[in-house]
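Below: one structure, written as structure tokens.
Reckoned from all heavy atoms, side chains included, excluding hydrogens, waters and symmetry mates. Residue numbers start from 1 in every chain, and the chains themselves are labelled A, B, ... in the order their sequence lines are given, proteins ahead of strands.
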There are 2 protein chains.
Amino acid sequence: MEHLLNDMALFVEVVKAMSFRRAANATGVPNSTLSRRISALEKGIGLRLLHRTTRKIELTEAGQLYYERCKRIVEEARLAHEQLGEMLAQPSGVLRASLPVDFAVTFLAPLMPEFSSRYPGITFDFDLTPRRVDMVSEPFDVAIRMGESQDSNLIARQLARLPTYLYASPRYLELSGEPSEPTDLEQHECLNILKSGEWTLHKETQMTKVSVGSKFVINSVAMIRRLATLDMGIILMPKEIVADDLDNRRLRRVLPEWQGSPASVYAITETRLLPAKTRCFIEFLSEHLDKLCISTQY
Amino acid sequence: MEHLLNDMALFVEVVKAMSFRRAANATGVPNSTLSRRISALEKGIGLRLLHRTTRKIELTEAGQLYYERCKRIVEEARLAHEQLGEMLAQPSGVLRASLPVDFAVTFLAPLMPEFSSRYPGITFDFDLTPRRVDMVSEPFDVAIRMGESQDSNLIARQLARLPTYLYASPRYLELSGEPSEPTDLEQHECLNILKSGEWTLHKETQMTKVSVGSKFVINSVAMIRRLATLDMGIILMPKEIVADDLDNRRLRRVLPEWQGSPASVYAITETRLLPAKTRCFIEFLSEHLDKLCISTQY
DNA sequence: TTTAATTATGCCATTTATGGATTAATTATT
DNA sequence: AATAATTAATCCATAAATGGCATAATTAAA
């Protein structure tokens with residue numbers, strides 16, 4: 001009793017084909033179903049729409065009237081879906097993203113000129129407030145997170161695994177001595193994001209874990225990096241973050257044979273049913289950050 | 001995967017209520033169904049339409065766009081159905097009927113002034129060609145038939161059972177003698193529709209059958225009646241048919257204690273799903289012919 | 001007139017959707 | 001801060017729709 005809308009579409013098909021059978025062939029809906037659905041529609045309305053003879057069908061007066069209306073309605077519905085399809089295919093609209101400021105400044109900013117010119121229809125609304133994984137209540141299209149963000153019922157796609165390296169300022173190393181083995185780090189001030197107590201280091205096939213300590217608990221990469229340039233300790237992070245400091249010799253690499261566990265970058269969305277703008281953004285980031293990984297891996 | 005059209009309507013309801021629960025209350029569709037149908041719609045389109053939190057829902061960009069389209073489409077569909085509903089309720093249009101000429105002249109014609117003024121929106125297309133029960137191929141809204149017309153898969157509604165009486169011209173009775181018992185009829189020229197050989201006669205609780213013969217096989221009531229007025233035999237028919245002849249003394253009743261089996265009048269339609277014009281016509285005939293039956297029964 | 005072809009519908013086993021109660025989760029209230 | 005209340009999503013037994021096949025009925029062709 002509530003299939004009226006869909007039956008309308010079937011009715012339009014039958015009338016267009018002027019035959020149940022041809023409509024069945026055209027639509028893939030079996031003729032038994034067509035026949036039953038049209039009958040149900042007629043009963044639902046209370047009027048016969050088609051005069052059926054075994055050889056051909058004709059519209060009744062009511063059917064003629066109804067068809068004219070239905071044709072338009074079904075057509076408009078098709079257009080509505082197509083329009084949404086374009087939204088799926090043609091990236092446009094406002095892209096609302098929540099990102100860590102350090103990721104935005106270091107990785108995203110350099111990619112924006114190309115992205116923006118490739119997808120001129122997209123405008124941007126970036127929120128760099130740290131850690132806001134509300135996603136469900138906040139109207140973000142996507143959030144970028146670094147580290148392991150395993151929030152339940154959110155979709156996390158890994159964009160990159162950035163290799164990390166150890167850095168310190170020349171003056172810090174002068175004062176505290178340069179470590180020559182990973183275990184030496186336990187005697188040093190190791191500035192870490194949050195208060196985790198263990199760094200995993202790799203050298204070719206070797207792997208070792210060192211528990212590291214620090215006076216600081218800080219949730220800002222920029223601040224940790226700034227402290228490192230002020231000779232406050234050793235840091236472990238992707239080289240891109242400290243590229244400037246390396247150029248200016250404010251920092252230099254420590255234990256250059258060793259590297260830390262890659263820092264994962266995730267794009268987090270509330271659903272997999274994404275509009276084109278979001279899909280393109282994530283895809284673009286994934287491609288370009290992947291390149292970055294490969295180019296710096298070795 | 002093919003419920004898109006109906007899900008559109010549900011989506012509109014949910015958005016109007018801005019809540020699955022309220023939409024469920026408003027529409028009677030359980031919220032579990034709403035939830036599943038909206039999800040199916042989103043998967044079908046490939047885009048999320050609603051941002052759901054446990055406390056409230058919001059439209060996504062795509063949802064906003066889609067809603068504006070859907071609202072209009074659903075509204076138009078509702079209007080289309082209402083318009084057809086009016087067709088059901090407000091009798092109008094051309095009424096195409098096939099009727100026996102004798103029925104039309106004798107019974108229908110006198111009723112037409114009242115019917116026509118009660119339903120001014122109806123115009124008429126009467127076909128008085130004898131016996132055309134095509135119905136399915138011919139675009140008749142209704143056919144009136146007298147006698148027993150038990151055509152399969154056509155809907156026959158009995159409009160009246162008209163009592164029949166025996167009539168003959170005074171001169172015929174002079175020449176052939178006046179029957180005093182039903183069995184006397186077997187010696188007379190009994191003019192009959194078609195070539196049936198038996199008349200069933202009633203007198204209060206008595207019933208008797210007489211086999212009757214005639215030189216004629218005729219399928220026209222008018223012709224039989226004309227022959228009777230020309231002293232050619234005895235006829236058995238409703239009194240209304242011969243009312244004029246009775247007034248003019250061209251015919252008078254024979255065996256006045258006896259009457260024949262009632263002649264049934266049927267309205268035959270192809271379907272029960274009738275537009276108002278047809279329903280009103282049949283209803284009107286039924287009422288007025290019924291009155292006729294009762295008034296003449298005794 | 002007979003034959004063949006075409007079409008809508010009835011039937012029934014299978015697939016699919018439904019709906020009431022439960023669950024998980026979040027907001028408003030105390 | 002903790003509780004209560006409200007809401008959307010999930011589960012599963014039941015109900016309904018589907019689709020392939022057979023049938024009836026009719027027209028076109030032979």
Check whether A/T27 reaches the backbone of A/A23 with its side chain - one donor and one acceptor, N or O, closer than 3.5 Å.
yes
Establish, with yes or no, whether the OP1 or OP2 oxygen of D/dT10 is under 4.0 angstrom from a side-chain nitrogen or oxygen of B/R36.
no
Rounded interatomic separation in angstrom, taking CZ from A/R21 and C1' from D/dT26
16 Å
Under 4.0 Å, counting only non-hydrogen atoms across every strand here, what does B/S39 touch: a base, just sugar-phosphate, or nothing?
nothing
Rounding to a whole Å, what distance do you find between B/I38:CD1 and C/dT18:P?
12 Å
Give, for atom SG of A/C70 and atom CG of A/L41, the distance between the pair rounded to the nearest 0.5 Å.
7.0 Å
Using whole Å, what does the distance between atom P of nucleotide C/dA8 and atom CG of A/L41 come to?
16 Å
When you check the gap from the basic side-chain N to the acidic O, do A/D141 and A/K277 get nearer than 4.0 Å?
yes
Side-chain atoms of A/P30 come closest, of C/dA8, D/dA8, D/dG19, to D/dG19
5' priority, DNA chain D, between A/G28 and B/M18 [closest heavy atom]:
B/M18
Roughly how many Å is it from NZ in B/K56 to P in D/dA8, rounded to a whole number?
12 Å
Phosphate contact (D/dT18 OP1 or OP2) by A/R37 side-chain N/O below 4.0 Å
yes
What's the closest nucleotide to the A/T33 side chain, out of D/dG19, D/dA8, C/dA8?
D/dG19
Decide, yes or no, whether a salt bridge links B/E75 with B/R78 under the criterion of side-chain N to carboxylate O below 4.0 Å.
yes
Atom CG of B/N31 to atom C1' of C/dG19: distance rounded to whole Å?
9 Å
Looking at A/S32, I'd like to know whether one of its side-chain N or O atoms comes within less than 4.0 Å of OP1 or OP2 on D/dG19.
no
In this structure, how many angstroms lie between the C1' atom of D/dA8 and the CG atom of B/L10, rounded?
16 Å
Starting at NE2 of B/H51 and ending at P of D/dA9, how long is that distance when rounded to a whole Å?
13 Å
Does the side chain of A/R145 come under 3.5 Å of the side chain of A/S264 through a donor N or O and an acceptor N or O?
no
Quickly work out the A/E270 CD to C/dA25 P distance and round it to whole Å.
15 Å
C/dT26 phosphate, OP1 or OP2: any side-chain N/O from B/T53 under 4.0 angstrom?
no
